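Here is the structure we will look at, set down as structure tokens.
This structure is a prediction, so every number in the text was calculated from the model and none was measured. In the text below, chain A, chain B and the rest are named by the order of the sequence lines, each starting its count at 1.
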Amino acid sequence: MDVSYILDDLNDAQRDAVTADSPGTLVLAGAGSGKTRVLVHRIAWKIKVEGLSPYAIMAVTFTNKAAREMRGRIEELLGGQLHGGMWVGTFHGLAHRLLKAHAADAKLPDNFQILDADDQQRLLKRIHRELNLDDSRWPPRQSQYFINGHKDEGRRSAHIDNPGGDLYLTTMLQVYQRYEQICQQQGVIDFAELLLRALELWRDNPAILEHYQQRFKHVLVDEFQDTNAVQYAWLQILAGKGMPITAVGDDDQSIYGWRGARIENIQQFSKDFADTRIIRLEQNYRSTATILKAANAVIKHNSQRLGKELWTSGEEGEPITLFAAFNEQDEARFISDRIEDLLKEDYRRADIGVLYRSNAQSRTLEEALIRAGLPYRIYGGQRFYDRLEIKNALAYLRLIALRDDDTAVERVINTPTRGIGNRTVETIREYARDHQLSLWRALLAIIEGGGLAARANNALRGFVSLIEDLAQQTADMSLDARVDYVIQHSGLIAFHEKEKGEKAQARVENLQELITAAKSFEPEDEDGDELRQFLDQAALDAGDQQAAEHEDSVQLMTLHSAKGLEFPAVFIAGVEENLFPHKMSIEDPSRLEEERRLAYVGITRAERKLFLSYAESRRLYGQENFNSLSRFVREIPSECIDEVRINNTVSRPTSFASHSASQQRAAESGIVLGQRVLHSIFGAGVVLSFEGQGASARVQVNFEDEGSKWLVLQYANLELLQ
DNA sequence: CGGCAGCGGCAATAC
DNA sequence: GCCGCTGCCG
């Protein structure tokens, strides 16, 4: 059999990674080194050469997009459909599949529902109210972080000790317990729970685990550096006792520590999985030598690396352009001007990526692009299925499928408004709580009991008959006709049509788009309930963010969402201390290293041209900030950089005595931005920024020996220097 | 119920 | 500076 097509066009390291027959294989794949290619070809190798059935392979990714791409590329390479036998999906998707198959053993009802981040927050808000927690002291967001953080580490409320009885922990645990109780009672599970349950299912049911251990002969994991504790434990319980496993990842691209990812997992891998072979992919096919030199130089400042150095056989390329802008508008104008230059060369708009650290930066950039008449597209932002109007429409559909869905009832009982006020809903909640009923059953009982005012009672009846009508009328319809009927007859379309503003227009369009999504939906299980599968998919899939790709446009996104993408030309805006690295990460060495990895990710997105820019003065959150050039740029060898001088058409004030409010306040205290000061401990430095007033006034000083620090002016006792 | 004013908070974000 | 939530009022 000729299998050369599997190995042709691969370099030695890639070929090694594709054919390795070690029990454990860890592929450290640098940016642009052909990682996905190796994964896809390795799967083809397993099937075509080693003779594994696709049925015996499991491949796990983090995003649906990556899973789709992998499946597509395998099918392309093997020249045929991969019937459902092979398990390719996200951790969450596969966990869901597992729990659906063994719902009872996982102690879940067959029709369990997924609680997404937004639904989770709503539920927590209600719990806070129920427990009489003051929202300003106990923001529901905090409980959400607490719960998800612990679940990501595999801890349920019962696992968390609170020996000191400290108020914070006591309160959080109380919320966590109540939350667990309600979720269990209502048969809903959040994203973290999906993973934790799947882990517990295997841990507590050896027979089920054994079935999968016998079934799968090889597991492959993409983006291994992003796994959290539960995902790692899940892989370990499945494959720890000798099932061959391939992990592909790059410790230098671990940028999701804040959502539970544990970079240590990739370091731990060879200890937990027997006889691991480590293969490094260091040849880069994406960027010029100059860009790689810069990336290598930056990432070298991190400790605790597994170690890797990217190289290319390609050309040196042009130097990196660094632009010092006067302010963020000046920076945005520089970017749009350079984009216009690039378009005069052989670049298309879609070849250009503009990356930034935080979403708040995008507005200024957008304004400049609009002014220049350059079409652009923003990646990320709100997921399609997270939009309010879509969630409302889905809630109606969920109620059609299952009346006892409290989350859905809460959402649409009075949307569009139908005279069921907060009082009435509170009565229903109370009744449901007291009688251990779902909200739907509770409201039916209340209608029968007639304890409500006639008006409220009628309104409730109206809601019940609406849902029953939607269910009956659409019972025999196709999925898309059903969606269409529901958004019309629930009144959602009319509701948003009479709303004012651009937003309303977009909402109506999104609802129409939902019909399109339903039309093109292909159920995985032909015999299963199509509506149910559609709803599950909606909960687990962000929806295609690429939908609007009809026009050739400049690509705007955060550095995080740029991971995995590449552009011939890349702009990284705002390379400033306090912005990138972000202020909140600067003090903590491990978070600072994560910021540096983010810089590495950003730099390695560029194929041919890289532009870095920073603003000497930046308005953010209504505050004027004077930040210095990012340390990450200073880590790039100077021969790689071509610094562009400040555009002389921009008038640059010669002193800092301007009229901005923050500067005036600074002046009142005798401190001027740019002022040299002396601190009794930290020594001499320059004032970079100033915020707050009176007792809360703080200054940021860049000390010559200690780096930059924020000081409370009142206590700092700064001595002004000449 | 809808509209508006006031207030707090504010990184990144897949599933 | 802006968004979103709350709370008050008509």
Side-chain angles (χ1 to χ4, degrees), chain A residues 60-67 89-96 114-122 125 129 134-137 139-142 145 148 151-152 189-195 198 223 226-228 230-231 254-261 328 355-364 379-383 385-386 388 414-424 455 459 495 498-500 503 536-543 545 557-564 574 578-586 591 594-595 597-598 601-602 618-624 661:
Chain A
V60 201
T61 63
F62 275 84
T63 66
N64 287 292
K65 192 176 150 207
T90 62
F91 276 101
H92 293 84
L94 298 182
H96 181 250
I114 296 162
L115 199 69
D116 68 22
D118 181 57
D119 293 333
Q120 184 186 40
Q121 174 132 46
R122 291 164 73 102
K125 257 186 203 163
R129 213 158 291 162
D134 173 13
D135 275 5
S136 54
R137 252 185 87 200
R141 275 185 65 129
Q142 195 170 31
Y145 283 134
N148 292 338
K151 277 197 189 180
D152 283 344
I189 64 178
D190 59 49
F191 289 129
E193 184 75 30
L194 223 36
L195 301 173
E223 304 278 18
D226 289 338
T227 51
N228 69 23
V230 172
Q231 288 158 338
S254 165
I255 55 174
Y256 287 113
W258 49 273
R259 63 177 198 213
E328 73 275 13
L355 317 183
Y356 37 84
R357 177 64 181 86
S358 79
N359 276 315
Q361 288 169 258
S362 78
R363 226 194 61 234
T364 317
Y379 266 66
Q382 222 190 5
R383 317 179 328 157
Y385 288 113
D386 273 352
L388 175 113
N414 200 32
T415 308
T417 48
R418 51 175 71 85
I420 304 174
N422 212 5
R423 286 293 279 278
T424 312
R455 208 163 91 182
F495 177 66
K498 68 170 196 263
E499 259 185 332
K500 309 187 265 290
K503 241 184 174 165
D536 284 339
Q537 182 252 184
L540 287 172
D541 193 339
Q545 296 279 319
M557 69 196 79
T558 63
L559 285 149
H560 281 89
S561 24
K563 193 169 91 165
N578 293 321
L579 183 61
F580 187 30
H582 196 275
K583 189 150 113 189
M584 322 215 56
S585 305
I586 258 173
R591 289 164 94 183
E594 185 158 308
E595 294 279 321
R597 293 193 289 270
L598 192 56
V601 167
R618 178 180 301 273
R619 228 180 151 70
L620 208 60
Y621 305 136
Q623 291 274 352
E624 198 93 22

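- Counting only heavy atoms from C-beta on, A:His560 has its side chain closest to B:dA12 among B:dA11, C:dC5, B:dA12.
- For the pair A:Ser585 and B:dA11, the criterion of a side-chain N or O lying under 4.0 Å from OP1 or OP2 is not met.
- As rounded to the nearest Å, C:dT6 and B:dA11 have C1' atoms that lie 26 Å from one another.
- Separation of the C1' atoms belonging to C:dC5 and B:dA12 is 23 Å when rounded to the nearest angstrom.
- Summary of the strand contacts: A:Ala539 and A:Phe495 both lie near DNA chain B, and taking for each the nucleotide with the nearest heavy atom, the more 5' one is attributed to A:Phe495.
- Checking A:Trp258 against A:Asn422, the closest nucleotide of DNA chain B that is more toward the 5' end is the one next to A:Asn422.
- Heavy-atom minimum distance, A:Ala459 versus A:Gly419: CB-O, 3.8 Å.
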For DNA chain B, what string of dots and brackets results from 5' to 3' when Watson-Crick and G-U pairs need both distances under 3.5 Å, crossing pairs get [ ], and pairs with another strand get |? ||||||||||.....
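- When the side-chain nitrogen and oxygen atoms of A:Asn359 are compared with OP1 and OP2 of B:dT13, one or more of them lie within a distance under 4.0 Å.
- When rounded to the nearest whole Å, the span between NZ of A:Lys583 and P of B:dC10 equals 12 Å.
- In this entry the distance linking CG of A:Asp135 with C1' of B:dG9 reads 14 Å, nearest Å.
- Heavy atoms only, all atoms of each residue included: A:Leu194 and A:Leu540 are closest at CD2-CD2, 3.8 Å.
- Phosphate contact (OP1/OP2 of B:dA14, side-chain N/O of A:Arg383, threshold under 4.0 Å): absent.
- Side-chain N/O atoms of A:Ser561 and base N/O atoms of B:dA12 include no donor-acceptor pair closer than 3.5 Å.
- The shortest heavy-atom contact between A:Gly602 and A:Leu559 is CA-CD2, 3.6 Å.
- The residue from A:Leu195, A:Thr90, A:Ile114 that alone fulfils the side-chain contact (heavy atoms from CB on, under 4.5 Å) condition with A:His96 is A:Ile114.
- Close to B:dG8, at under 4.0 Å from its OP1 or OP2, lies no side-chain N or O of A:Tyr621.
- Nearest to the side-chain atoms of A:Arg363 among the listed nucleotides B:dA14, C:dG1, C:dC5 stands C:dG1.
- The distance from atom CZ of A:Arg259 to atom P of B:dA11 is 17 Å, rounded to the nearest whole Å.
- Ring geometry for A:His92 against A:Phe191 counts as perpendicular: the plane angle is over 60°, on a 0 to 90° scale with 30° as the lower cut.
- A donor-acceptor pair under 3.5 Å is formed between the side chain of A:Glu595 and the backbone N or O of A:His582.
- Rounded to whole Å, the distance from CG on A:Leu540 to C1' on B:dC15 is 7 Å.
- The same atom, C1', is picked in B:dA14 and in C:dC3; the two are 23 Å apart, to the nearest Å.
- At least one side-chain nitrogen or oxygen of A:Thr417 sits closer than 4.0 Å to the OP1 or OP2 atom of B:dG2.
- Among A:Gln231, A:Arg259, A:Lys563, the one residue that satisfies the side chain to side chain donor-acceptor pair (under 3.5 Å) test with A:Asp226 is A:Lys563.
- For the pair A:Asp134 CG and C:dC5 P, the computed distance is 17 Å after rounding to whole Å.
- In this structure, the nucleotide among B:dC1, B:dC15, B:dA11 sitting nearest to the side chain of A:Asn414 is B:dC1.
- Rounded to an integer number of Å, the gap from CZ of A:Arg418 to P of B:dG2 is 12 Å.
- Side-chain atoms of A:Glu223 never come within 3.5 Å of backbone atoms of A:Thr61 as a donor-acceptor pair (strictly under, hydrogens ignored).
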